[in-house]
Participant: 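Submitted below is the structure of interest, expressed as structure tokens.
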Amino acid sequence: MTVTQNRPTHEIMDTDTMMVAFLREYGLSGARERARYHVGRCVEAGLEDDAAFWMRVSNQLENLASSDYGPGNLFTPSGQISPTATRPG
């Protein structure tokens, strides 16, 4: 099943929320790779605003990777973010 949306990503999602979602799903190295993929995809498709959104996500992940503050120290209202966490159920 494919779900489509009528609004661009940058209008729907906050960069911090997307970064956390990527960290939970892929871990830090995978999240960085996926964000860069989305930047390229949007540039090729001519989606400038979406590319800028993904670039901000990518930059946040790069900053996290280059700092002493790693994803193991991140917390959300539901608890600590773990790059190796699995989905419940």
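One is the number of the first residue; the rest follow in order along the sequence. All values reported here derive from a predicted model rather than from experimental measurement.
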Participant: To check you understand the geometry: which heavy-atom pair defines the closest contact between Ala35 and Trp54, and what is its length?
Facilitator: O-CB, 4.2 Å
Participant: Provide the closest heavy-atom pair for Leu61 versus Ala31 in the form atom of the first, atom of the second, distance.
Facilitator: CD1-O, 3.5 Å
Participant: Could you tell me the separation between the NE2 atom of His38 and the CE atom of Met55, rounded to the nearest 0.5 Å?
Facilitator: 14.0 Å
Participant: Quick check for you: to the nearest 0.5 Å, what is the distance between Asp14 atom CG and Arg56 atom CZ?
Facilitator: 9.5 Å
Participant: What pairs with Ser29 under side-chain contact (heavy atoms from CB on, under 4.5 Å), at least two apart in sequence or on another chain?
Facilitator: none
Participant: In Å and rounded to the nearest 0.5 Å, what is the CD to CG distance from Glu25 to Leu23?
Facilitator: 11.0 Å
Participant: Under 6.0 Å from the CD atom of Glu62, do we count more than 12 heavy atoms belonging to anything else shown?
Facilitator: yes
Participant: Considering non-hydrogen atoms only, spot the tightest contact between Cys42 and Asp50 and give its length.
Facilitator: SG-CB, 3.6 Å
Participant: In terms of hydrophobic clusters joined by side-chain contacts under 4.5 Å, are Leu47 and Val39 together?
Facilitator: no
Participant: Do Phe22 and Gln60 make a side-chain contact, defined as non-hydrogen atoms from C-beta onward lying under 4.5 Å apart?
Facilitator: no
Participant: When rounded to the nearest 0.5 angstrom, what is the spacing between CZ in Arg34 and CE in Met18?
Facilitator: 11.0 Å
